[in-house]
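Inspection log for the structure reproduced underneath, given as structure tokens.
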Amino acid sequence: MKATTERLDTVDVARLQSVLDGRWASIRNEVRGLVRSSPWLRSGSGLSTDAYRARVAEQARALSQTKGARLFFPKSSGGEGDIGGALTAFEMLALVDLSLLVKIGVQWGLFGGVIQNLGTPKHHERYLRHAMTMDLPGCFAMTETGHGSDVQSVRTTATYDPQRHQFVVHTPDDDARKDYIGNVAKDGRMAAVFAQLITMGKSRGVHVLLVPIRDEKGRPCPGVRIEDCGEKEGLNGVDNGRLWFDEVRVPRDALLDRYGTVAPDGTYSSPIENETKRFFTMLGTLIAGRISVSGAALSATKLAQTIAVRYGLGRRQFHAPGSDQEVILLDYLQHQRRLLPALATTYALHFAQESVVTTLYELSSQTAGAERERRTLEALAAALKVA
Ligand SMILES: Cc1cc2nc3c(=O)[nH]c(=O)nc-3n(C[C@H](O)[C@H](O)[C@H](O)COP(=O)(O)OP(=O)(O)OC[C@H]3O[C@@H](n4cnc5c(N)ncnc54)[C@H](O)[C@@H]3O)c2cc1C
């Protein structure tokens, strides 16, 4: 293939962009406009860790007042309830700064998402609006030092006390501390904690409880120990941290109880009898988080390839035999073989991502049913995340 200007001129750029922008083209344009008109959205990369974290926190707070935040949340909580638009806006923001992306992803997608998907109306009314506006900075405390991928084996416990109608959240040892949790080291005030629920002496598997970790002045709550993960290889605008709970008491309704609830006397009930099925149903509802990761990775790849391809089309090295012109890098076959398969894969992944987002959007308007489609989507989303 010859990378000549004649061939490039044959591409109808507007048409190609319209195909690539897809169903949520208007959202993509809104994000482009916001980024262009907002000097405060510049990347904090290169700043010290403290300054970078402060910049990202400020950017996240400003973004929480925009449509980008509202798209994630249901209309009943002041949002716009458009998960397709939300994931598209998220994918576009990855072009600005990945730390900012993770910060808002933790706040809206993970913390807000777990309340929305595993909570019940009382949780939605109490917390969703504050999660959206960031008046309640939150964390998603799933991973432990000893268990990351294997969430079903986390060892934090939430033991119900029927005398006081409270759960006692406890970290049995350092292996069970919550680790690498975004928003913990500095800003988070509440954590959605994944723990083994125990009531009437019986373990009922992993459930999620909302546990306050800092007071309004930013001081750790009694019984909560917080440690900063410090500087990382990347994403230093995100304040990742560790959490320990020393018999921390929370009220009975701190349990996000869509799939499993505990009556005042300690009786457990769930609409899904089988514990493993219940666990995977609960995790399945958090699929948007998975899809958002593949979207963000895709944007980072597109950015890298844009730089590489543009450079390859601009730089010239060595004269071709019998020519007085130097050869552009992308006319070398070896250079094409390095870049073009990756470029083609990225186009394929772009359309795969659009398809997965569209399916999620369509399924999200159905409150029940379509079980087979949901399982297929979960498999596709998992595959896309590792692709
Ligand atoms: C920057 C950053 C931010 C994070 N933020 C959060 C957060 O906000 N909240 C949170 O809860 N967690 C967070 N995490 C933790 C993250 O989600 C975990 O790192 C992730 O779940 C993987 O767990 P692990 O690191 O313990 O890896 P492990 O589970 O130990 O897996 C390591 C590797 O082992 C192999 N492996 C493991 N199991 C299998 C298997 N069944 N089959 C084949 N191979 C396997 C794979 O190669 C895998 O990549 C964050 C991590 C980072 C780095």
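Predicted model, so just to flag it, every value in this text is computed and none were measured. For this chain, numbers begin at 1 and follow the sequence in order. Order of appearance sets the numbers: ligands from 1, and atoms from 1 within every ligand.
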How about His207 and Phe279: are their ring centroids closer than 6.0 Å?
no
Residue, atom name and distance, where the atom is the protein heavy atom closest to atom 1 (C) of ligand 1
Leu235 CD1, 3.8 Å
Looking at Ser149, Ala192, Gly241, the heavy atom closest to atom 37 (C) of ligand 1 belongs to Ser149
Any side-chain donor paired with an acceptor under 3.5 Å for Arg278 and Ser270?
yes
Given the protein's heavy atoms, is any one of them under 4.0 Å from atom 9 (N) of ligand 1?
yes
Within-cutoff protein neighbour (heavy atom, under 4.0 Å) for atom 6 (C) of ligand 1:
yes
So, for Ser43 and Tyr52, which heavy atoms are closest and what is the spacing to 0.1 Å?
OG-OH, 4.4 Å
Thr145 and Asp175: side chain donor to acceptor below 3.5 Å
no
In the complex you have, is atom 46 (C) of ligand 1 within reach of the protein, judged by whether a heavy-atom distance drops under 4.0 Å?
no
Taking Arg189 first and then Asp215, would you say they form a salt bridge - that is, a charged N and a carboxylate O separated by under 4.0 Å?
no
Step through it carefully: locate the ring centre of Phe140, locate the ring centre of Phe111, and say whether they are under 6.0 Å apart.
no
Just heavy atoms, cut-off under 4.0 Å: does Asn240 contact ligand 1 by side chain, backbone, both, or neither?
side chain
If you compare Phe111, Phe140, Phe194, Tyr180 by their heavy atoms, the one closest to atom 52 (C) of ligand 1 turns out to be Tyr180
What protein heavy atom sits nearest atom 26 (O) of ligand 1, and how far off is it?
Gly148 CA, 3.2 Å
Out of Thr143, Val238, Val151, who gets a non-hydrogen atom closest to atom 12 (N) of ligand 1?
Thr143
Contact (N/O only, under 3.5 Å) between Gly182 and ligand 1:
yes
Is at least one protein non-hydrogen atom found at under 4.0 angstrom from atom 49 (O) of ligand 1?
no
Under 4.0 Å from any heavy atom of Met142, which atoms of ligand 1 are there?
11 (O)
If you scan the protein for heavy atoms around atom 28 (P) of ligand 1, do you find one that is closer than 4.0 Å?
yes
From the list Cys221, Pro222, Pro220, side-chain contact (heavy atoms from CB on, under 4.5 Å) with Pro212 holds only for Cys221
Give a yes or no on whether the backbone of Gly266 and the side-chain of Thr199 come within a donor-acceptor separation of less than 3.5 Å.
yes
